[in-house]
Amino acid sequence: MSGADGPPALSLEGVTRRFGPVTALAGVTLEVPAGAGLLLLGENGAGKSTLLRVAAGIARPTRGRALVFGESPARPAGRSRLGYLGHRGFLHDHLTARENLLLQGGLHGLPRDEAARRADRLLERIGLARAAHRPVRGFSRGMVQRLALARTLLHGPDLLLLDEPFTGLDPRGRALLVEWLAEERAAGRALVVVTHRPEPVLPLVDRVAILRRGRVALAGPAGARSPAAWADAIGAPAEATA
Amino acid sequence: MTGQVRAFLAVLGADLRREVRTGEALFPMLMFSLVVLLVAGFAFDLPALPAEERRRLAPGILWIAIAFATLVGQARSLLADREDDRWTGLLLSPLDRTLLFLAKWTVGLGLAAALELVLVPLTVILFELPAGVSWGGFAAILALCSGGLAALGTLVGAIVARLGRGEALLAILVLPAAAPVLIAGVRSTGVLLGGGTLLDAAPWPAVAAGTLVLYLALGGLLFESALQE
């Protein structure tokens, strides 16, 4: 993990991303220091998911650049330090829950016994220890989401990029996730969360940014507004960046 | 063992498990190729043909069956990796893209080898081919041409997956580029079934080897660009 004087966990420098005639991101510049938390808000189509995909190195910026701890996420050194949870879980439904986690460990070059140790600990944590040896194809939506979260964390990333992490989770699952993210923050991991449920995430982050039509329309300290005020600001007219 | 080797083996292991547990690529490949052999047998009335005619027909039918069955297998793998966006899951790992390409190519080659273990003996029986064939040379041609087809299918499969397009595009892109491999396979097999050696089949084994090297090099160079949005 980088210290305060190291490179930021995530740095976007003038990132533009176009899909044909559609501009999903229009010159976004933002920085998440190592160990810090950022909540990204915005209406559907504002560019939040695209921003995370560019940050994760899955999508290439049309212009500008993304850096993860000073490394391009397109390079193995950058990818090894981030954990990304997208709209899909990236799970293999013919594999068991434990095998999916072991695969993730293998993909990140962990020795098998270390991957197994982490997998067992995570399965216990997410309440899936008893389903560890069941194929994922029989899992409910909530179980899949929990396993996808465990998969995201298995290799111990220093930067977590979470796109709608509460999707499919019941109240207990949501509470578990909030607790988990608080622990990750306390352990010094940086966090970028995209969600339509800002309330549980606001205490976990330092700053909030609102995207509108691919631009940062508003940004400021998380405590500067109440959760309701942040939610109201999503669709409000543009304000000066705080 | 380095992290990259572990990651390479992890991709191989996951795909191998999928195939062992579901047979979702190999089973349709086998069915398709067996139907091709069966239909060819009836269409050409094989028992009524002289041995020389059967020997002349066998290479073409064998390679048509292998080529289309390989395409079927690649399409199945493509669909499987597209489910739950598994391609993206693989792309998020620090695994070098060239090694990811080689892992997927190895899986494709393994499927082709499994298919050929069944298909070649059946072709020998159905076409009553001579036993005195250079089997070593035949195995080399099968490996070279199947390797070329697998490399091409892996690269194009990644492009098609990223574009979010279906199997039709896979066939449209793969088959024309596979023509040199298939012609090399047919011509070399014809010479070998006639009692010749790999040297007698020149230049076709060299064409097969050259296309294999070319498609592997293209895959190694272009796989990353093919996969990224």
Side-chain angles (χ1 to χ4, degrees), chain A residues 17-19 24 50 53-62 68 71 73-96 99-112 114-115 135-137 139 144 147-148 151-152 154-155 157 161, chain B residues 1-27 76-104 107 158 161-164 222-229:
Chain A
R17 173 66 207 204
R18 294 197 187 92
F19 295 99
T50 303
R53 290 179 77 83
V54 168
I58 305 161
R60 200 181 287 133
T62 310
V68 172
E71 298 275 355
R75 313 300 313 156
R79 289 197 297 269
S80 65
R81 298 191 68 178
L82 65 88
Y84 169 81
L85 175 72
H87 292 168
R88 316 291 286 275
F90 317 131
L91 297 171
H92 295 244
D93 61 4
H94 64 282
L95 297 180
T96 66
E99 285 170 343
N100 266 288
L101 295 183
L102 291 178
L103 170 62
Q104 175 74 351
L107 285 172
H108 281 268
L110 295 178
R112 193 176 166 83
E114 172 62 15
V136 168
R137 90 169 58 85
F139 279 19
V144 165
L147 185 60
R151 181 192 183 281
T152 306
L154 186 115
H155 57 287
L161 304 170
Chain B
M1 196 189 294
T2 69
Q4 289 290 324
V5 174
R6 283 195 196 99
F8 174 86
L9 294 175
V11 176
L12 273 188
D15 281 7
L16 188 65
R17 276 199 183 93
R18 179 174 71 209
E19 206 43 51
V20 168
R21 289 176 187 176
T22 67
E24 64 185 17
L26 189 57
F27 188 66
R76 293 304 309 163
S77 298
L78 174 70
L79 287 176
D81 279 331
R82 204 190 278 170
E83 276 176 34
D84 211 19
D85 204 8
R86 284 177 210 145
W87 266 123
T88 300
L90 294 175
L91 292 182
L92 286 164
S93 81
L95 175 59
D96 181 87
R97 302 310 189 219
T98 303
L99 283 177
L100 176 57
F101 169 75
L102 287 176
K104 290 290 183 183
V107 172
R162 188 44 72 199
L163 291 174
L222 301 177
F223 204 55
E224 175 148 25
S225 308
L227 287 169
Q228 212 173 21
E229 285 177 8

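The model shown is predicted, which means the values in this text are computed figures rather than measured ones. When reading the values below, keep in mind they use all heavy atoms of this one structure, side chains included, and skip hydrogens, waters and symmetry mates.
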What's the shortest heavy-atom distance between [X] and [Y], and which atoms?
X        : Y       : result
B/Pro94  : A/Pro76 : O-CB, 3.2 Å
A/Arg53  : B/Thr88 : NH2-OG1, 3.9 Å
A/Leu107 : B/Ala7  : O-CB, 3.5 Å
A/His94  : B/Arg17 : CD2-C, 4.0 Å

Pick one of side chain, backbone, both or neither for [X], based on which atoms fall under 4.5 Å of a heavy atom in chain B.
X        : value
A/Gln104 : neither
A/Leu82  : side chain
A/Ala148 : neither
A/Pro111 : both

Approximate separation, where rounding is to 0.5 Å, of B/Leu91 CG and A/Tyr84 OH: 11.5 Å

Would you call A/Asp93 and B/Arg86 a salt bridge, using N to O less than 4.0 angstrom? yes

Counting only heavy atoms not in A/Phe19, do more than 12 fall under 6.0 Å of its CZ? yes

Only pairs of heavy atoms separated by less than 4.5 Å count here; which of B/Leu90, B/Leu92, B/Leu95 has the most with chain A? B/Leu92

Most heavy-atom pairs under 4.5 Å with chain B, out of A/Arg17, A/Arg112, A/His155, A/Arg75, belong to A/Arg17

Under a 3.5 Å distance rule, please check whether A/Arg79 uses its side chain to pair with a backbone N or O of B/Ser93 as donor and acceptor. yes

How about B/Thr22 and A/Arg137: do any of their side-chain heavy atoms sit closer than 4.5 Å? yes

Tell me, side chain or backbone of B/Arg21 under 4.5 Å from chain A's heavy atoms, or both, or neither? side chain

